[in-house]
Undergrad: 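Take this structure first; my questions come after.
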Amino acid sequence: MNDTEQDVLELIRRGENLTVEFKSDERSLPDRDLIAAVVALANTEGGDLFLGVEDDCSITGLHVSHRNVTGLPALIANKTIPSMAVRVETIELEGQVIARIRVPKSRQLVSTSDGLLQRRRLKMDGSPEAVPFYPHEFVQRQSSIGVTDPSALPLENVAVEDLDPIQRIRIRNAIKKYGGDQSLLPLADEELDGALGLTVTVSGMRHPTVAGLLLLGNERQLRQHLPSHEAAFQVLRGTDVLVNEFYRKPLLETFEEVELLFRARVEEEEIQIGLFRVPIPNFDRRAFREAFVNALVHRDYSALGAVHVRLDDDGLSISNPGGFVEGVSLDNLLVADPRSRNPLLADIIKRIGLAERTGRGIDRIFEGMLRYGRTAPDYSMSSAYTVAVRMSAADADADFLRMIVQREEQAGAAMPIDSLIILSRLRNERRLRTTDLAKSVQKPETVVRGTLEKLVEAGMVEAHSTGKGRTYTLSAKVYQGAGQKAAYVRQAGFDPIQQEQMVLNFIDTHGSIKRADAADLCHISPYQATRLLNRLKDKAVILPVGQGKGTRYERN
């Protein structure tokens, strides 16, 4: 069995999921069922359709009528609208021949030639199923892949005259308060509406867009025309609910009222850093603002459900209906190009000044946690249907904050988010390699290595060893500033001469030493331990006994 066959077998053994579908072919799968399965995959995330595999992962092979798969791509192209281009290959596994049909994710909705439109979803037990794709879900799908902007759609059954003029005053005040686009302020109401895209002209009449209704509509209009718009603010202490407020008001008014409730629960301490007193809040206001605004702006307004803000004993959580947009995932959250499910609404909020104009609000959220020595914001509870972020209420690390602020004063600039992530991980995990840090920074190792070297030059980080075994710790200066001199010695380890002497002392005491013993004794990696033992062997001080994993070293 070659590597490709082994990979396919392993993929099949994991079972069906959103991107893997099995179809039995013992009785010759009808064309309509095959085409329906292809359509469901294309309308979800794409994936692999294995023909000749049962639901229980057993491999039963292709029916004789499907042994020649050369015609399958043409059949699928002719039976799908628009035509789907798939790749088909045969693979022999466990003495049976199966077909692997690779289905790309479609950038538009695909149906069978009979008009069947399906998508895949996960059931409560985690297994996948194909379900109808209903018309009200079309906009949700198209917006998630960036084909359409639902926030720019006009609402022709709402007249501009019925909108709330007070909300325009609120927009102007927000521009002044948050430093938005000042060129908007002198504009008349109609000009402001047009400049921001709050209204459009349809058949000679002005009507609000969805974004316009969200910002200028009254509560009655929002309930009637955008019933999905809702925000909730909750405060829990243990199992007791102290606050449970729900809002269906215009977007800026909702933001202001929820922020007011949040700010009332922000507590601050102060520490002295040089000539200045620096506040340490239990929750960073800017991080909250970016996270809450992101939830309001990027949520899926075609799906019912509220944007939830919840404060409890463990911290702050914010969630919104609608998963990450196309191209954004947990693995590239920090580096993905800024994209929105509602581009017009996102642009309006940026021009008002409520959101980060660069589109990198996620950096603000991370910064608001990491600079105080807290753990990074946690997005792991997000799914295909929800984006959820959790911000811990753990106590801040004043020494860590002092180190960051002092460095920022020296550099005359804010600490880059990559550096904050690296310093935070080294603070928590003590000693790491470049490969360990690259996943957290979400950038290539070459870029992370450059950031590490800058931190080394700044005296905040120290490098140990060279080559593949190179590791990094916080510097002696950092530990000394925090009053943890002993901790630095434990993490930095010992110099090569000390390491050699420790190994020899161990052998004198115990008769021999293994690589694992040397790594544990000197607080180094197994690779570094091998180099240390080889160095002593080359000096003819020790000699190896045995081979492989059982090799031990004795005095020469």
Undergrad: With sequence neighbours excluded, give me every salt bridge (charged side-chain N to carboxylate O under 4.0 Å, His left out) pair touching residues 278-294.
TA: E268-R285, R286-E367

Undergrad: Any idea which heavy atoms bring A195 and R351 closest together, and the distance?
TA: O-NH1, 3.0 Å

Undergrad: Kindly compute the distance separating OG (S329) from CD (Q442), expressed to the nearest 0.5 Å.
TA: 7.5 Å

Undergrad: Quick one: pull up CG in L452 and CD in E457 and give me the separation to the nearest 0.5 Å.
TA: 11.5 Å

Undergrad: Going by the rule ring-ring contact (aromatic ring centres under 6.0 Å, His included), which residues pair with Y472 if we only count those two or more places apart in sequence or in a different chain?
TA: none

Undergrad: Look only at the side chain of D418 and the backbone of V441, and say whether a donor-acceptor pair between them is shorter than 3.5 Å.
TA: no

Undergrad: Name all residues meeting the salt bridge (charged side-chain N to carboxylate O under 4.0 Å, His left out) criterion together with D436; count only those two or more places apart in sequence or in a different chain, and write none if there are none.
TA: R433

Undergrad: So that I can tick it off, tell me whether R248 and E219 are bridged by a salt bridge, with the cut-off set at under 4.0 angstrom between side-chain N and carboxylate O.
TA: no

Undergrad: Rounded to the nearest 0.5 Å, what separation is found between the CZ atom of R263 and the CG atom of L260?
TA: 8.0 Å

Undergrad: I'd like to check the side-chain contact (heavy atoms from CB on, under 4.5 Å) partners of D189; sequence neighbours left out, ordered by chain and number.
TA: R168, R172

Undergrad: Which class fits the ring pair F283 and F262: parallel under 30°, tilted 30 to 60°, perpendicular over 60°?
TA: tilted

Undergrad: Would T473 and H464 count as having a side-chain donor-acceptor pair, cut-off 3.5 Å?
TA: yes

Undergrad: Can we say E129 and R120 salt-bridge, meaning some charged N sits less than 4.0 Å from an Asp/Glu carboxylate O?
TA: no

Undergrad: Any chance the side chains of S340 and N342 put a donor and an acceptor closer than 3.5 Å?
TA: no

Undergrad: Between L109 and F133, which heavy-atom pair has the shortest distance, and what is it?
TA: CD2-CE1, 3.7 Å

Undergrad: Could you pull out the closest heavy-atom pair between I421 and S440, with the gap in Å?
TA: CG2-CB, 3.8 Å

Undergrad: Between R431 and T471, is any side-chain donor less than 3.5 angstrom from a side-chain acceptor?
TA: yes

Undergrad: Which salt bridge (charged side-chain N to carboxylate O under 4.0 Å, His left out) pairs, counting each pair once, include a residue from residues 379-394, with sequence neighbours left out?
TA: D312-R390

Undergrad: side-chain contact (heavy atoms from CB on, under 4.5 Å) with A211: which residues, sequence neighbours excluded?
TA: S151, T209, L344, L345, I348

Undergrad: Is it true that a side-chain atom of T254 and a backbone atom of K249 form a donor plus acceptor pair closer than 3.5 Å?
TA: yes

Undergrad: With S382, which residues qualify under side-chain contact (heavy atoms from CB on, under 4.5 Å), at least two apart?
TA: F324, Y379, V387, A388

Undergrad: Using a 6.0 Å cut-off, check whether atom CG of D313 has over 12 heavy atoms from anything other than its own residue.
TA: yes

Undergrad: For residues 231-240, please give each side-chain donor-acceptor pair under 3.5 Å, one per line with the distance, not counting sequence neighbours.
TA:
from : atom 1 : to   : atom 2 : distance (Å)
Q234 : NE2    : N244 : OD1    : 2.9

Undergrad: Using the salt bridge (charged side-chain N to carboxylate O under 4.0 Å, His left out) criterion, which residues pair with E45? Sequence neighbours excluded.
TA: K105

Undergrad: Would you say L196 and I171 make side-chain contact, with heavy atoms under 4.5 Å?
TA: yes

Undergrad: For T375, what residues pass the side-chain contact (heavy atoms from CB on, under 4.5 Å) criterion, not counting sequence neighbours?
TA: S392

Undergrad: Once salt bridge (charged side-chain N to carboxylate O under 4.0 Å, His left out) is applied, do any residues pair with E191, and if so which ones, sequence neighbours excluded?
TA: none

Undergrad: Could you label the plane-to-plane angle of the Y301 and H229 rings as parallel, tilted or perpendicular, counting under 30° as parallel and over 60° as perpendicular?
TA: tilted

Undergrad: Looking at R371 and E408, is any side-chain nitrogen of the basic one under 4.0 Å from a carboxylate oxygen of the acidic one?
TA: yes

Undergrad: Working to the nearest 0.5 Å, report the span between CZ of R310 and CG of L316.
TA: 10.0 Å

Undergrad: Among all residues two or more places apart in sequence or in another chain, which pass the ring-ring contact (aromatic ring centres under 6.0 Å, His included) test with F400?
TA: none

Undergrad: Could you walk me through whether I175 and D181 satisfy the side-chain contact (heavy atoms from CB on, under 4.5 Å) test, starting with their C-alpha distance in whole Å, then the side-chain angles of each, then the deciding distance to 0.1 Å, before giving a yes or no?
TA: CA-CA 7 Å; I175 292 172; D181 186 350; 5.5 Å; no

Undergrad: Heavy atoms only: give me the nearest A306-P321 pair and the separation to one decimal.
TA: O-CD, 3.6 Å

